[in-house]
Protein chains: 2
Amino acid sequence: MPTHFTGSRAEMRTLDTFIKLTRCTNALLSRLAERNTIGDLTYSQFAVLEALYHLGPMTAGEVSQKVLKSGSNMTLVIDNLERDGLVRRERDAQDRRVIRVHLTEAGSHKLEDVLPGHIAALVEELSVLSASEQETLGALCKKLGMRTIQDRSKTK
Amino acid sequence: MPTHFTGSRAEMRTLDTFIKLTRCTNALLSRLAERNTIGDLTYSQFAVLEALYHLGPMTAGEVSQKVLKSGSNMTLVIDNLERDGLVRRERDAQDRRVIRVHLTEAGSHKLEDVLPGHIAALVEELSVLSASEQETLGALCKKLGMRTIQDRSKTK
DNA sequence: GTCAAATAGTTCGATGTCGAAATATTACCC
DNA sequence: GGGTAATATTTCGACATCGAACTATTTGAC
């Protein structure tokens, strides 16, 4: 996009890398969306169901941490999942501030219905990269994603 | 998220790569958001202003293609930019279906205010990767992301 | 020339997303 | 034990995002 930007060599390289990274991620996600690999679920709903499926019942706050979204957002996503009968809320008896979110039978079945196809689609989409390319990409993304405030490593 | 998923070696590797890619992108974007590098603009608004700044006035449809968002979405983003006096719509005299979007003076100044800081922040964030690592990451992302375009042009 | 198809943009309804404020409950301190 | 701080969740307002339906305009076929 900033094809007409002019800057230092480092700036140009950084922008180029950033654009490719964000476009790649967007393209991959929209390709998966087009394939309709998760049925009538939204990606957010899928992420919540998957977390509950693999990790078991959790509080609303734990779900929001697992899927890296805000608490207020989780309220809505869980509302919609509950409306559709895929999860249920249960108030904790000991600490009545806490809501524990459970998968229903329908929720389990729904996830089991779509998960294999979703993974197959992912494998297919990423098959343009060889195994070692995937590992390299993963390692670089991890390095870039892990960066924290105190990471003052001035590598060039 | 699917930390407890068990599958074939290829499936595990694919999922691992996918998770790292999406988390890396999310982390990078939210770190930039935290830094407040684009002032009171939203990222969508920034993208539209940047496209207009570097490429000149465009129709609403062209803007939506440049920033890879839907037309209906562009209507809202441009509405808000127009409300804030950063762009203006001009109806084409020849073809009255067409709306051309122009940066205003205020819009240009706004972008010039935030762009250098935004680029500096990007350069700093990506500095955890060496120049050659950035190029490798860019190349892998391009390879993975390009597939969508090829597929679309084939199908369409 | 007229009417149907194509095109550009907007409107609408649903969902997602955030941060700030509100609510409810529990924990803590003296 | 009563008041305040901390914690968990929801509510609210704003913006983003999509696809489908709609409006206005132009183009094309006959």
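The chains referred to below are lettered A, B, ... by the order of the sequence lines, with proteins before strands, and numbering in each begins at 1. Computed from heavy atoms alone, side chains included, the values below leave out hydrogens, waters and symmetry copies.
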Once each nucleotide of nucleotides 2-14 of chain C is scored for protein heavy atoms under 4.0 Å, what B/S/- sequence comes out, 5' to 3'?
----BBSSBB---

Hydrophobic cluster identity match, B/Met58 and B/Leu86, side-chain contacts under 4.5 Å:
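Yes.
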
Indicate if A/Tyr43 and A/Leu76 have the same hydrophobic cluster label, given that clusters are the connected sets of ILVMFWY residues with side-chain heavy-atom separations under 4.5 angstrom.
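No.
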
Rounded to whole angstrom units, what separation is found between the [atom1] atom of [X] and the [atom2] atom of [N]?
| X | N | atom1 | atom2 | value |
| --- | --- | --- | --- | --- |
| A/Gln94 | C/dA24 | CD | C1' | 17 Å |
| B/Lys69 | C/dG16 | NZ | P | 17 Å |
| B/Leu29 | C/dC18 | CG | P | 12 Å |

Please answer whether the main-chain N or O of A/Glu62 pairs with a side-chain N or O of A/Gln65 as donor and acceptor at a distance below 3.5 Å.
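Looks like no, no N/O pair under 3.5 Å.
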
Side chain A/Glu124, main chain A/Ala121, donor-acceptor under 3.5 Å
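A pair under 3.5 Å: no.
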
Reading DNA chain D 5' to 3', which nucleotide is the first, and which the last, to come under 4.0 Å of any heavy atom in chain B?
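The contacted stretch runs from D/dC15 to D/dT26.
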
Quick one: salt bridge (charged side-chain N to carboxylate O under 4.0 Å, His left out) partners of A/Lys20, sequence neighbours excluded?
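If we apply the salt bridge (charged side-chain N to carboxylate O under 4.0 Å, His left out) test to A/Lys20, skipping adjacent residues, the hits are A/Asp16.
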
Applying salt bridge (charged side-chain N to carboxylate O under 4.0 Å, His left out), can you list everything that pairs with A/Glu82, at least two apart in sequence or on another chain?
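Scan of A/Glu82 (salt bridge (charged side-chain N to carboxylate O under 4.0 Å, His left out), adjacent residues dropped) gives A/Arg89.
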
Under the side-chain hydrogen bond (donor to acceptor under 3.5 Å, both in side chains) test against A/Lys110, which residue among A/Asp40, A/Asp84, A/Thr104 passes?
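Exactly one pass, corresponding to A/Asp40.
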
Across the strands shown, which category fits A/Ser70 at heavy-atom distances under 4.0 angstrom: base, sugar-phosphate, nothing?
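Since a base atom lies under 4.0 Å of A/Ser70, the category is base.
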
Qualifying salt bridge (charged side-chain N to carboxylate O under 4.0 Å, His left out) pairs with a residue from residues 93-108 of chain B, counting only residues at least two apart or across chains:
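For residues 93-108 of chain B: B/Asp92-B/Arg100, B/Asp95-B/Arg97.
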
B/Arg9, CZ atom: more than 12 neighbouring heavy atoms under 6.0 Å
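It does not: B/Arg9 CZ has 12 such atoms or fewer within range.
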
B/Glu90/B/Arg88 ion pair, N-O < 4.0 Å:
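Salt bridge between B/Glu90 and B/Arg88, a charged N being under 4.0 Å from a carboxylate O: yes.
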
Qualifying residue for side chain to side chain contact (heavy atoms under 4.5 Å, CB included) with B/Phe18, from A/Leu32, A/Leu137, A/Val123
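The side chain to side chain contact (heavy atoms under 4.5 Å, CB included) with B/Phe18 is passed solely by A/Leu32 among A/Leu32, A/Leu137, A/Val123.
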
Bend across the helix from C/dG1-D/dC30 to C/dC30-D/dG1, to 10°, with axes taken over 5 pairs at each end?
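That helix has its two terminal axes inclined by roughly 0°.
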
Is the phosphate of C/dG16 approached by A/Gln45 (side-chain N or O, under 4.0 Å from OP1 or OP2)?
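Checking C/dG16 against A/Gln45, a side-chain N or O does come within under 4.0 Å of OP1 or OP2.
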
Name the residue closer to the 5' end of DNA chain C, choosing between A/Arg96 and A/Asn80 according to the nucleotide with the nearest heavy atom.
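Its nearest nucleotide being more 5', the pick is A/Asn80.
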
